[in-house]
Number of protein chains: 2
Amino acid sequence: MKSNAVFKRAHNRCLNMLAKHEPGSHLRSELDLALDLHVSRTTVRAVLSSLTDAGIIDRDGSRRHLARPPTAEDYFPEAQTESVGDVVGRRFMEWILQGDCRPGELINCAELARQFSTSTSAIREHLTHFNHFGLLERRPNSAWVFKGITADFAMEIYEIREMFELRSAHRFAELPPDAAAWAELNLIEQQHHNLLEDIDERYSEFSRLDERLHRLVHDASQNRFVQNFYDVISMIFHYHYQWDKVDEKERNYVALHEHIAYIRALRSRDLDAIDEKCRTHLQTARKTLLKSIDSLRQPAN
Amino acid sequence: MKSNAVFKRAHNRCLNMLAKHEPGSHLRSELDLALDLHVSRTTVRAVLSSLTDAGIIDRDGSRRHLARPPTAEDYFPEAQTESVGDVVGRRFMEWILQGDCRPGELINCAELARQFSTSTSAIREHLTHFNHFGLLERRPNSAWVFKGITADFAMEIYEIREMFELRSAHRFAELPPDAAAWAELNLIEQQHHNLLEDIDERYSEFSRLDERLHRLVHDASQNRFVQNFYDVISMIFHYHYQWDKVDEKERNYVALHEHIAYIRALRSRDLDAIDEKCRTHLQTARKTLLKSIDSLRQPAN
DNA sequence: AAATTGTTTTTTATCTTTAAAAAACTGAAA
DNA sequence: TTTCAGTTTTTTAAAGATAAAAAACAATTT
């Protein structure tokens, strides 16, 4: 019925924690573990009980201790730790990107549910989600229309992104000097330099830095609509990085330099410089996305 | 299980159509009626069959004709024509506006389902909807937090609204002279004048004009995110007009004049004038909303 | 042949159900 | 008296079930 992915994720993370301790050492209280693992104590108890059954922990009276170090076989496979929602979201994007559905086509919930081997309820929930992302449209008491990741989509998303990011960057520049964001910005810049030094090997780590930098800037907006909108961007990019690997190293190299210039402009608090560097970077990013979208259509023809 | 509100709405609308015809006159084809009533032919046939049972229409061979004019009793009561989704949406807003839930409080789906006498599924579906409206936030694998219609909410929504509406208004000014939007704008202006002439009696009709004017402007943006965002505004205003009746006539009088100035600026295509009139109006509107929000808190204290 | 009605199949909206997870309660121990 | 583990209750996530509505197909009339 309901998957126990929450339990399995907590189980695996608990094993990670235990791996850092010596056999014989005592475990912390159930409440502490619950807070650490971001689950309820009920779930922690289920985990502890399964770890006890596996002989990994043991109890003397009311306290528990590590009986043996966990091994690779004690972990649940990665695939089982994904919640139904995440699976549907991922498979839906894959389905879109593989061109199984063309812009303008109607979406068949029942068919998708079958294909993703889940219930129509789960599908429906995610259709409303993607509706809000501008990828779908609901026809009143009728089917859903797939609008597609098209050039229009990219243009529209970038129009908003530019408005929002420029506004947020200005707010960022106005942050008091002791704001935590400045420290985070410095840290992010340092990581840009580190990445550049080893670009040949680690270029694919750029996407995570990209997300962190832009999210940091957007958060300065203090506006829930700006922040929510970044979720749309973030999702598109998450998949974009996976679907288009052409020239990835070169693209990331350019983007890293643009980021560094943007970060410096932010630190200078010079609004004109910020606008210029931000616009330059977003224009490059838009071009890249448009090119990738163009390439999306090719294989299916 | 599933309510037949679609059928009942179609039934009532069909009666309205029939009321315009003489007894004995023939009905159009099922397909024609389906297109008119925005439902499937299946539903039209269900309606026709129930009208036949009620003796309102009759058939000679394969064609149908009006047997007697419909009366008030033939209609389904208004309340039964609302879909479950609409009911939940409405009751949820009422619940918020009555102050049954304070900002920061957790929302209990099961409790709401009980209170609204519907299922938790219907509630869940609407929570995701209101999440996207910035009124709620989902705590990861946990409950929903109500964020509230607060001054922050109004400030944030107006920050975006101003950005979007100024951008859209500029696009509007660039529309070719033969665009249908200009004709609609003229029509809307005329209706503003008509309303002003009878302001004492008809002031409450302003809200529909307001929606039409701003929607028209936003649609010129040709951007789905701008258009979707207007749905948020529209929903808030829909309820705002109901919850705060203080000085309604005076407020609407002022807004009508601001609208007319804004419309004239749009027609002049002078971007500076547009910006000025648009800003003026939005600032007034924001002030009004903030004042109403302030008054929301009073009764509960 | 095109349009229309009759019939069957498919899909959607929404309720119900239930395991998983969270929360609340309770008594024991530090 | 605060903190913990044990127990019970409540709530949520997600599947399953089914009437309503749509869509597809077939037969008939114009």
Side-chain angles (χ1 to χ4, degrees), chain A residues 1-10 27-34 37-49 59 61-64 83-88 106-114 117-128 138-144, chain B residues 1-10 27-34 37-49 59 61-64 83-88 106-114 117-128 138-144:
Chain A
M1 201 136 255
K2 184 180 179 178
S3 93
N4 59 352
V6 172
F7 162 77
K8 287 176 177 169
R9 251 194 326 267
L27 272 74
R28 278 172 304 131
S29 78
E30 294 173 357
L31 187 63
D32 275 358
L33 291 171
L37 297 170
H38 300 285
V39 292
S40 69
R41 198 162 69 83
T42 307
T43 302
V44 166
R45 283 172 64 82
V47 168
L48 292 176
S49 145
R59 49 195 314 167
S62 73
R63 301 202 66 192
R64 297 182 176 86
S83 77
V84 172
D86 291 344
V87 175
V88 173
L106 296 183
I107 286 176
N108 183 331
C109 291
E111 170 60 22
L112 272 190
R114 253 169 261 139
S117 43
T118 171
S119 67
T120 52
S121 335
I123 298 289
R124 269 175 60 74
E125 177 156 346
H126 275 263
L127 292 182
T128 54
R138 184 189 221 143
R139 291 275 164 85
N141 58 30
S142 176
W144 293 83
Chain B
M1 198 137 259
K2 183 180 182 178
S3 92
N4 59 351
V6 172
F7 162 76
K8 287 176 176 168
R9 253 196 320 272
L27 272 73
R28 278 169 308 130
S29 78
E30 294 173 359
L31 187 63
D32 274 357
L33 291 172
L37 299 169
H38 301 286
V39 293
S40 70
R41 199 162 67 82
T42 307
T43 302
V44 166
R45 283 173 63 81
V47 168
L48 293 176
S49 143
R59 49 195 314 164
S62 73
R63 300 201 68 191
R64 297 182 178 86
S83 78
V84 173
D86 291 343
V87 174
V88 173
L106 296 182
I107 285 175
N108 184 330
C109 292
E111 169 62 21
L112 273 189
R114 253 170 263 140
S117 45
T118 172
S119 67
T120 54
S121 335
I123 299 290
R124 270 172 60 73
E125 177 154 345
H126 274 263
L127 291 182
T128 56
R138 184 189 221 141
R139 290 275 163 85
N141 58 31
S142 176
W144 293 83

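Keep in mind that the numbers below use all heavy atoms, side chains included, and drop hydrogens, waters and symmetry copies. The chains referred to below are lettered A, B, ... by the order of the sequence lines, with proteins before strands, and numbering in each begins at 1.
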Report all interatomic pairs (protein N or O, nucleotide N or O of nucleotides 18-20 of chain D) with separations under 3.5 Å.
from   : atom 1 : to     : atom 2 : distance (Å)
D:dA20 : O3'    : B:Ser3 : O      : 3.4
D:dA20 : N3     : B:Lys2 : NZ     : 3.4

Any protein N or O atoms within reach of nucleotides 23-28 of chain C? Criterion: under 3.5 Å, listing atom names and distances.
from   : atom 1 : to      : atom 2 : distance (Å)
C:dA23 : N6     : A:Thr42 : OG1    : 3.1

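Interatomic distance, CD1 of A:Ile123 versus CD1 of A:Ile107, reported as 9.5 Å (0.5 Å rounding). Separating the OG atom in B:Ser121 from the NE2 atom in B:His126 is a distance of 11.5 Å, to the nearest 0.5 Å. Note that CD of A:Glu30 and OG1 of A:Thr43 are 11.5 Å apart. Values are rounded to the nearest 0.5 Å.
Judged by atom type and distance alone, A:Ser121 does not reach the base of D:dA14 through any side-chain donor-acceptor pair under 3.5 Å.
Side chains of B:Asn4 and B:Lys8 form a contact here, defined as non-hydrogen atoms less than 4.5 Å apart. Inter-residue side-chain proximity for B:Lys2 and B:Val84 is flagged as unmet; no heavy-atom pair is nearer than 4.5 Å. Two residues are said to be in side-chain contact when any heavy atoms from C-beta on lie closer than 4.5 Å; B:Leu33 and B:Leu48 meet this criterion. A heavy-atom distance below 4.5 Å is not found between the side chains of A:Phe7 and A:Thr42.
Separating the CG atom of B:Leu31 from the P atom of C:dG6 is a distance of 14 Å, rounded to the nearest angstrom. Across the protein-nucleic acid pair, A:Arg114 atom CZ and D:dG16 atom P stand 13 Å apart, rounded to whole Å. In this structure, B:Leu27 atom CG and C:dA3 atom P are separated by 20 Å, rounded to whole Å. If you take CD1 of A:Ile123 and C1' of D:dA15, they are 13 Å apart, rounded to a whole angstrom. The distance from atom CG of B:Asp86 to atom C1' of C:dT14 is 14 Å, rounded to the nearest whole Å. Rounded to whole Å, atom P of C:dA21 lies 15 Å from atom CZ of A:Arg45. Rounded to whole Å, the distance from CG on B:Leu33 to C1' on C:dT4 is 12 Å. Between B:Leu37 atom CG and D:dA22 atom P there is a gap of 11 Å when expressed in whole angstrom units.
Among the heavy atoms of the strands lying under 4.0 Å from A:Arg64 are primed sugar atoms or P, OP1, OP2 only; no base atom is included. Here A:Leu48 lies out of heavy-atom contact (under 4.0 Å) with every strand. Within the 4.0 angstrom heavy-atom criterion, only backbone atoms of the sugar-phosphate kind lie near A:Ser29; the bases stay farther away. Within 4.0 Å (heavy atoms only), A:Ile107 reaches sugar-phosphate atoms of the nucleic acid but no base atom.
With sequence neighbours excluded, no residue satisfies salt bridge (Lys or Arg N to Asp or Glu O under 4.0 Å) with B:Arg9.
A residue-by-residue look at A:Ala110 and B:Thr120 shows that A:Ala110 has its nearest nucleotide of DNA chain C further toward the 5' end. Residues B:His38 and A:Asp32 both approach DNA chain D. Their nearest nucleotides, taken by heavy-atom distance, put A:Asp32 toward the 5′ side. Taking the nucleotide of DNA chain C with the nearest heavy atom to each of B:Arg63 and B:Glu125, the more 5' of the two is matched to B:Arg63.
Checking C:dG6, C:dA22, C:dC15 against every side-chain atom of B:Val84, the shortest atom distance belongs to C:dC15.
A:Ala122 and A:Thr118 get closest at one heavy-atom pair: CB-OG1, 3.3 Å. Here the closest non-hydrogen pair linking A:Ala34 and A:Ser40 is CB-C, 4.0 Å.
Between A:Asn108 and D:dA23, a side-chain N or O to OP1/OP2 separation shorter than 4.0 Å is absent. Phosphate contact (OP1/OP2 of C:dG6, side-chain N/O of B:Arg59, threshold under 4.0 Å): present.
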